[in-house]
Each structure stands twice: as C-alpha cells, then as structure tokens.
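In what follows, a structure is listed as structure tokens, so that the remarks can point back to it.
Bear in mind the structure is a predicted one, so any value in this text is a computation, not a measurement. Here is the naming used below: chain letters follow the sequence lines, and residue numbers restart at 1 for every chain.
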Amino acid sequence: MAPAAKATLAHIVASIVDDVDAVEVTETDLGDRARLDVSVADGELGRVIGRRGRTAASIRTVTRAAAVIDDVDLDIEFVDD
Amino acid sequence: MEWVETTAKTIDEAKEKALDQLGVADDDAEFEILEEPKAGLFGLIRGEARVRGRIRPTEARPKVERRRGRRSDTSSASTPSDAGTTATATDERGDDTGEDTGDTSGGAATRSGNGRGRRGGNSGSTGDGAQRSRARRDDRTDRDDRDDRPPVEPAAVGAAAVSFMEGLVEAFGLQATVELDIDGTELDVRVEGDDLGLLIGPGGRTLLAVQDLARVAAQRKLGDHETRLRIDVAGYRERRRTALERFARTVAEQVIDTSSPRSLEPMPSADRKVIHDVLVEIDGVTSHSEGDDPYRRVVVTPA
C-alpha cells in the first residue's frame, strides 16, 4: 500500500548502514494509514538514528514525502531487536 | 506593559481587536506583526493574521521580546527591558531538519528554467579550473567494496552522493538526471527533471533532509572527509535565494516606513542567513534571530 515510501526507506537505510543485507522494512496496514518498521543489523541502529535523532528525523521527512505518492499517512518505526 | 495577542483575517482587523482589548486609541499603542495572513510564500500556511500590541510605553522605542515557539505566553515576559537584551547576533548553526508531517505538496513545487552558475563566491580553493564531471548511472559506487582508505577523494564522495540521489529518485518513481560539479572540495549535486517538488517540500525542508542524508550516506561509505556537499533540486536554491533577497528588501522598506519591528516566518538557517546578509547592507534596519529550530525566525527592527 505504500510502495514508494517503502522503497525510499529501504534505499536510505541501506545507504547508511554497513550490513546492507540485514536491512528489513516491513509494512503494516492500519486501515486509514500504514506503518513501516525498519530493522538493521545489531549495533547499527545508532547510526540510523544519528546524533540526537537527527538522521532519524531526516529519514522520516523524506520517507513521508514519498508517501505522498502513495497517498497514505505513514508511521515509521525504527525497531531495536 | 502587557502585550495582547490577537488573530483576524487581516492585520488591520487584528490590530482593531488588540486596540479593543487594550482600550486605547491607535496612537497610544504599538504593534508587532507576528504572522501575515495566509503567508503562502515563505513557510507554513496558517491563514490568519496575528499581531500583538501593547500600550506604548512613554518615551521608549518599540522593543522585541524573546519568543520561544509560537504558543508561548508572552504576557509573562512583560517587564520592560532594553531591546538589546534579546538580540542574539547572527546565528547560523547548521541543524535545521525540522520534522514536518505536513503537506509536502504545498511548497515550491513549481519548476522553471534555471539559469544558474554558482561560480563566483567560492572560498578560493581552486579558482577557475573547476573540473566538471558528469556522473551517470554507470558509476555507482560498489557497496561491497568499502575499505577505509584515509584520504578520500572529493570525486569519490561526489559519486557516493550521486549514487544516493539516483537511488532516491528511482524509489520515488521519478525521472531525473543527477549531475555533479566538483570545484576543489566543494561538491554540487544537481537533480533536474519534471515534478520534483516532493523532493523539495515546503520551504525546502524535504530538500534539507535529503541533503543531510546524502551527507550521512557519503560519510558512511567513505569515512570522514573534508568536503562540502550541497544538493539542489530543480534549481530550487537559486530561485529561493533570489526570492528571499527580494522579500528581505520589501520587509526592510515596511519596517522603515512603519517604524515597527517585523517578525518573519520560521526559516532554516541558510535562508535566515540570506535575509541577514541583505539587511545588513540596508540603513535603518537591523535583524537578528529568535527562537529555537525549527521555529527560529528572523526579526527585523528599525535601527
């Protein structure tokens, strides 16, 4: 339901981390909106979040811009597992 | 003196309301315009005009008080004090990634011809012989080949940024070309194509986030490097700068004409710098910034 946002999020995160293969983006349909959960390899979440959450904020901004194409409201979660 | 803050469809109506609340005539009050009605051009569209006013203190010049965010209770900060206390010199820290959930289509989504040549005003690193290299799809950097050689060539940083931008354009489902200019350690990546407004966003905030991520990506792939990377989309930066300069001059005239301070819309640091740079050349006004990002804004006061 949010292919552009999903592709955008996957591309950005893969561009930031070392372990590209460990990047996973899963999509959940919440009815009136969608949620994207992104997870990365152990120890790499910090670099995705960035200092004081700055990189995470930029990731959300750009991914939500892509979600305009998908015409869907989007939540983006960085999963620590 | 107590400030009152009012909103209305027009600035005049908002002033009327404030005068009603203050219970004085126009001559005995002073105003600060907080928001223009439906200021669609620079920043968020908020619709209503907002002003604040107070009874004019005897023989005191209009002063500007610190405001944090746009909901703060200004009446609590009502002790008259020297106008100078709030003036922080020109600011410009680089962190302006305001997270905006809002309407990304409202921004400067139009595309137009772009006669840009940012050639002048470089920092004197290499002078004239700017090498121009055109990066295309085929020089993507190989993700699996990352060794941390200490000296990183600007060209490698540029290639990483180009690769990042090409992937981003593709993920958005857009058609665009990505070009790279290298001038010493200054890297300019330009994206050109149709319908790129989403990559710019309202007030260029999406573009700032994109640039931030391109920097992070280039750094992650290549390690620390001494380059200055800038991303532009559809000539937005140059158009924005021109429009801001014109806007700054208009505001200066108004502030001089009315002898009233004007508080502008929140803007990113780069935009605020453009405004400050114009105003510092104009006699009769001074400017400073107030508030915290992403709501930090320029305030223009009569000198």
Min side-chain heavy-atom separation A/Val62-B/Phe172 under 4.5 Å: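 Side chain of A/Val62 against side chain of B/Phe172, heavy atoms only: contact under 4.5 Å found.
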Minimum side-chain heavy-atom gap B/Leu213-A/Ile16 below 4.5 Å: yes
Nearest-0.5 Å distance that lies between atom CG in B/Leu168 and atom NE2 in A/His11: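 Output value for this atom pair is 5.5 Å.
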B/Arg220 with A/Asp18: basic N within carboxylate O range, under 4.0 Å: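 Result for this pair is no, no salt bridge flagged.
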Residue part contacting chain B, namely of A/Ile59, when any heavy atom lies under 4.5 Å: both
A/Glu24 atom CD, over 12 foreign heavy atoms within 6.0 Å: no
Residues, nucleotides or ligands: over 12 heavy atoms within 6.0 Å of A/Arg47 CZ: yes
Closest contact, heavy atoms only, A/Thr61 versus B/Arg205: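 Reported closest heavy-atom pair: CG2-O, 4.2 Å.
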